[in-house]
Amino acid sequence: MENEPVPLIAVLISGRGSNLRALVEAKLPARIAIVVSNRAGAAGLEIARDAGIETRVIPHGAFASREDFERALVEALREKGVTLVCLAGFMRRLSPVFCDAFPRAILNIHPSLLPAFPGLHAQQQAIDYGVRISGVTVHLGTPELDAGPIVLQAAVPVAPDDTAETLGARILIEEHRLFPEAVRRILAGGWRVEGRRIVWLGGSR
Ligand code: GRF
């Protein structure tokens, strides 16, 4: 019997790449076919190379417009036959040009319990607001910032003496657990999107 082809994933990064590392080290029923960074100096590129994964740098500044940049991204991913895109600290907003090319096939990770604290510096936002619980969200990527249907969330308590760094470090531990888990669940299928919600067929998960 022939083996089923494994799904091919792209991971988009801009920096450190610790979530990329978590995805590389997870036993996913998929293969990371390409890692793309919009920044040449992203440390995550080294993680990918060490793991023998093809890397591409596509610098957003080299393009006349956001749309042109995204068309280049789409082309690079299509060349590899990618069917799922993981945004792992990718610091560019994505327009419909990119999102429509991978409908319901983009996952983003964000270090707060969305819809609280979207955008930059989510950990500092949580501390400044005085919440007692923050956390992490994996959601479907859409053109709206940090607002796509939620796949998984995990809570992380905020300590009175937390700084953005100490809270961020504890959130990151949960990120590294949750992102691979979300990828597994999305790849396993058995879900659909109804309005804002992801409905898991066969019961809530
Ligand atoms: C993570 O906190 C992620 O939630 C956010 O950007 C950060 C990326 O970190 N979107 P890393 O590059 O994966 O280490």
Side-chain angles (χ1 to χ4, degrees), residues 9-20 22-23 35-39 42 44 58 60 66-67 69-70 73-74 77 84-158 162-165 167-186 191-200 205:
I9 298 180
V11 183
L12 272 50
I13 63 168
S14 298
R16 178 176 58 179
S18 71
N19 279 288
L20 164 66
L23 292 170
V35 170
V36 180
S37 173
N38 64 312
R39 295 206 184 112
I58 303 182
H60 58 274
R66 179 184 298 274
E67 287 72 21
F69 166 61
E70 292 183 15
L73 280 180
V74 170
L77 272 44
L84 181 68
V85 182
C86 295
L87 307 177
F90 182 67
M91 303 304 280
R92 305 294 301 171
R93 284 187 71 163
L94 291 167
S95 81
V97 168
F98 188 87
C99 294
D100 292 350
F102 296 97
R104 290 173 187 176
I106 303 169
L107 287 176
N108 183 43
I109 187 157
H110 183 76
S112 75
L113 288 179
L114 290 170
F117 315 129
L120 293 175
H121 311 301
Q123 303 91 337
Q124 188 63 53
Q125 290 187 56
I127 288 170
D128 292 346
Y129 197 94
V131 293
R132 304 291 300 272
I133 297 175
S134 190
V136 52
T137 303
V138 179
H139 64 91
L140 295 182
T142 62
E144 299 75 37
L145 181 66
D146 298 328
I150 289 169
V151 180
L152 286 177
Q153 292 188 301
V156 175
V158 182
D162 259 334
T163 63
E165 287 69 35
L167 175 61
R170 290 204 314 286
I171 290 175
L172 207 56
I173 292 169
E174 288 300 301
E175 293 191 35
H176 297 162
R177 183 181 68 76
L178 210 67
F179 209 174
E181 182 58 25
V183 170
R184 273 189 209 101
R185 292 198 188 193
I186 288 298
W191 56 275
R192 66 171 186 272
V193 177
E194 267 180 24
R196 276 214 43 84
R197 298 173 54 227
I198 294 187
V199 177
W200 300 96
R205 288 191 234 172

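What's counted below: heavy atoms across the whole structure, side chains too, no hydrogens, waters or symmetry copies.
Judged by distance alone, the side chain of E174 and the main-chain N or O of A155 form no donor-acceptor pair under 3.5 Å. In this structure, the side chain of R92 does not engage the main chain of F69 through any donor-acceptor pair within 3.5 Å. Proximity of a side-chain donor or acceptor of R66 to a complementary backbone N or O of R93 within less than 3.5 Å is detected. The main-chain N or O of M91 is found under 3.5 Å from a side-chain atom of S14 such that the two form a donor-acceptor pair.
In this structure, CG on L94 lies 11.0 Å from CG on D100, to the nearest 0.5 angstrom. We find the OG1-CD1 distance between T163 and I127 to be 6.0 Å, quoted to the nearest 0.5 Å. The line from NE2 of H110 to CD1 of I171 is 9.0 Å long, rounded to the nearest 0.5 Å. Interatomic distance, NE2 of H139 versus CD of Q153, reported as 9.5 Å (0.5 Å rounding). With values rounded to the nearest 0.5 angstrom, E70 atom CD is found 7.0 Å from C99 atom SG. Remark: I150 CD1 to L114 CG distance equals 6.0 Å, nearest 0.5 Å.
You'll find the side chain of I13 stays beyond 4.5 Å of the side chain of F90, heavy atoms only. Using a 4.5 Å heavy-atom cutoff, the side chains of E175 and P111 are in contact. With contacts defined as side-chain heavy-atom distances shorter than 4.5 Å, the pair L23/V183 qualifies. Here the side chains of F117 and D146 are not in contact, with every heavy-atom distance at 4.5 Å or above. With a 4.5 Å cut-off on side-chain heavy atoms, V199 and W191 do not count as touching. Contact check for I186 versus R104: no side-chain heavy atoms found under the 4.5 Å cut-off. T137 places none of its side-chain heavy atoms less than 4.5 Å from the side chain of I109. Residues I58 and N38 form no side-chain contact, since every pair of their non-hydrogen atoms from C-beta on lies 4.5 Å or further apart.
A donor-acceptor contact closer than 3.5 angstrom is absent between the side chains of S112 and Q123.
Within a 6.0 Å radius of CZ in R196, more than 12 heavy atoms belonging to other residues, nucleotides or ligands are found. Taking a 6.0 Å sphere around CG of L145, one finds it holds more than 12 heavy atoms contributed by other residues, nucleotides or ligands.
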Q: Would you please test V36 and L77 for side-chain contact (heavy atoms from CB on, under 4.5 Å) and show each step?
A: CA-CA 9 Å; V36 180; L77 272 44; 3.8 Å; yes
Q: Apply side-chain contact (heavy atoms from CB on, under 4.5 Å) to the pair V158 and R132, showing each step before the final yes or no.
A: CA-CA 5 Å; V158 182; R132 304 291 300 272; 5.6 Å; no
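Ion pairing of R177 with E181 is absent here, as no side-chain N (NZ or NE/NH1/NH2) approaches a carboxylate O to less than 4.0 Å.
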